[in-house]
Amino acid sequence: MRLLVVEDEPRLAAYVSEGLAAEAYDVDVAATGEEALARVSRTTYDLIVLDIMLPGRDGFDVCRELRAARLAMPILMLSARGLTADRVTGLDLGADDYLTKPFEIEELRARVRALLRRREPTALLLAVDTLTLDPITRVVKRGARRVELTPKEFALLEYLMRHAGHAVTRAMIAEHVWNFTWDRLTNVIDVFIKHLREKLEAPGERKLIHAVRGVGYVIRP
Amino acid sequence: MIDTLRWRLTLWSLGFLALSLTLFAVLLYVSLARTLYHHHDDELAHEASALGAGLRERLTARDAASDEALAAVVELVRDDVGGSSARYVMLRDAGGKLLYRSASLRDLQPSLGLEEMFVHATEETGERSRFFDAELDAGPTRFICEPVSAGGRQVYLQVGIVLGDVRPMLASVRTLSWTLIPLVLIITSFGGLVIARRALRPIARIEATLQAIQATDLSRRIDERGTDRELRQLTVTLNGLLERLERAFASMREFAADVSHQLQTPLTVMQGTLTRALPDEAATDESGASTPADASRDPVLRGLRDNVHEMIAIVSALQTLSVADLPARRPGNAPVDLARMCASVMEAVVALGEAKGVEVRHDCASGVRVWGDEVRLKQVLLNLGDNAIKFTPPGGLVRIAIEADGRWATLRVEDTGPGVPLEDVPKIFRRFYRAPQPPGAGAGPPGTGLGLAIARRIVDAHGGTIGVESTPGVGARFTVRLPLADDDPREPTRRA
């Protein structure tokens, strides 16, 4: 997998590229928008990490240009601005995800993994071990036992199961399951995970939801 | 009431009007009286000189010696000269002795006109004292003195004429003045009030606009069209002032945003470096919570990382703060249904309470709508809920209620924490105010000291108020009041 990191701040570029290289990705770094476009024209990248604030052509501009050239690789935008307006602009221009500085490298890695995986077709019935979830009928079963979930618990479980086997961060969960940001959502998510465990993991049944220290949660057999 | 410009303007103009009307009435009265008293003077003078001429012609020295003969001559002359029978005629000698008086004067005091005669006689020219007024039964009477030398004797002829109803005329003028002037003043004062109100209406409009602007939205301007030239300059000046204020606020906001932006990159790098320096961070752990083994792992780096986390929280709260006071009524904002918003937020607040063992009960009336930005209004509810849970010990209770109250939407957040010390009440909405850590505050990081400041800015920007009541040891109650959306056909129905 070949990744391009577009970041003008050298320390941050090093931090991001080293963090991703540690996951065995091939990482190139571009410091300006022009350089990024030049590299993309020569090489096929599987994913681009794109900072918005760049000298010259900014991230929005690069994103627009790439999408106009019908290049479909996932784009993960980085911004220091946590304002909703930026986020909406970025996603409108065709970015696939958006990460606000400051972020943990593990957060970035989890998102990159999720974006690279997205191209795989998703099953109509999600299943982990004996747990099944039907996104259409919204029926959740553990073996033969029917499990009743609240809408929020259902959304959380669906998100975990769509990334079964891969750790997702609390920030990713917060963004996809809640429609607002709140720094206490990490605590809230822990409580919802506890509820899910109580409902899904009856005494004697195999534990499915695992905490990943420093990252978040993963659901796996 | 008297201290308003409108009333003062009215009173001043009324005062000037009263003064000028009174002056006008007095001058009119004096000149009218003068005209009415004097308008027979020429006639009197003419008659007196005719009588005098007749006397000089007819009176012989012999007749002049006898008073009776003299009186007879006077009667004769009167008949010659003619004139009205209403005329009063008296004749005195130089000593003031009454030599003759006409029949109409018989019943009166003989001393009538005596003094005036002496005054006239002793005066050099006599012009000024030639006429005098006397009050007779028939009415005010005007007399003239005419010195006559006839038949070798100096006598004084006094001729009078009744002035008729001068007195009632003047009295009615007086009465009219004293009744009409107040009447005119009353009518004028109403007119004055109306005029003052009309004249001040543009100012009232400017004031209302300014009030709305300072409460909510600095980007608004006073309408410069349709104002009079005098007020247009004021409007333009005020708009210029608003422009500069808005720019100053915007640059403050940009500064805060820039600072937090600039801090984010180094913080990201620091956080990443520290995370890498701390070993085994990514290892799978069933509980996800701190294990006793954590404490033994490099406490210096761990403390450093916790501080970086706190800084990141502060920087991100500063960013929120920098947009907290953007006006509520902006393009794109719409009335927000608080009950619907409450439902999605409460689930999270209840879960946060559960994490700490605090029960959260909520009761949101449906259909309560306020104008504003849903993202920031959620922030208010979340910050207040977070704050209440933070200060409530495990086992305690937090109650949250939203209801419509007159023209206001009221949000109440009550906790059973230690309450806010009375001396701290004015401080808690300030930036970076941190209350002493409450007992059992274990769950969650220490606050940034910005949560309530952010809530307050957002509420201010929405034209509302936020306040706290507290009973130390029993709990605190935060109350937010926001103006209801104006086009709101609300029927507050309670929902369990």
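Each chain gets a letter, A, B and so on, in the order its sequence line appears, and its residues count up from 1.
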Worksheet item: When only pairs under 4.5 Å are counted, which of B:N383, B:T273, B:V269 shares the most heavy-atom pairs with chain A?
Response: B:V269
Fill in: Top of B:L382, B:V349, B:T320, B:V345 for chain A proximity - count of heavy-atom pairs under 4.5 angstrom
B:L382
Worksheet item: Should B:Q271 and A:K101 be marked as a side-chain contact (heavy atoms from CB on, under 4.5 Å) after you check the CA-CA gap, both sets of side-chain angles, and the distance that decides it?
Response: CA-CA 11 Å; B:Q271 178 177 260; A:K101 296 180 205 169; over 6 Å; no
Discussion item. Taking side chain as everything from C-beta outward and backbone as N, CA, C, O, which of these in B:V350 sits under 4.5 Å from a heavy atom of chain A? Side chain, backbone, both or neither.
Written reply: neither
Item to complete: Please state whether the side chain, the backbone, both or neither of B:A348 comes within less than 4.5 Å of a heavy atom of chain A.
Response: both
Practice prompt. Identify the residue among B:I389, B:L352, B:D386 that makes a side chain to side chain contact (heavy atoms under 4.5 Å, CB included) with A:N187.
Written response: B:L352
Please look at [X] and chain B and tell me whether the side chain, the backbone, both or neither of the residue comes under 4.5 angstrom of a heavy atom of that chain.
X: A:V188; value: both
X: A:T186; value: neither
X: A:E9; value: side chain

Worksheet item: How about A:E104 and B:H309: do any of their side-chain heavy atoms sit closer than 4.5 Å?
Response: yes
Worksheet, complete the sentence: All heavy atoms of A:V191 vs all of B:A351, minimum pair found to be CG2-O, 3.1 Å
Worksheet item: Should A:W182 and B:L381 be marked as a side-chain contact (heavy atoms from CB on, under 4.5 Å) after you check the CA-CA gap, both sets of side-chain angles, and the distance that decides it?
Response: CA-CA 11 Å; A:W182 188 25; B:L381 197 51; over 6 Å; no
Worksheet item: For A:R142, does the CZ atom sit with more than 12 other heavy atoms under 6.0 Å from it, leaving out its own atoms?
Response: yes
Fill in: More than 12 heavy atoms of other groups within 6.0 Å of A:R145 CZ
yes
Worksheet item: How long is the span from the CE atom in B:M270 to the OH atom in A:Y15, to the nearest 0.5 Å?
Response: 11.5 Å
Discussion item. Please identify, among A:I105, A:L12, A:V16, the residue contributing the most non-hydrogen atom pairs under 4.5 Å to chain B.
Written reply: A:L12
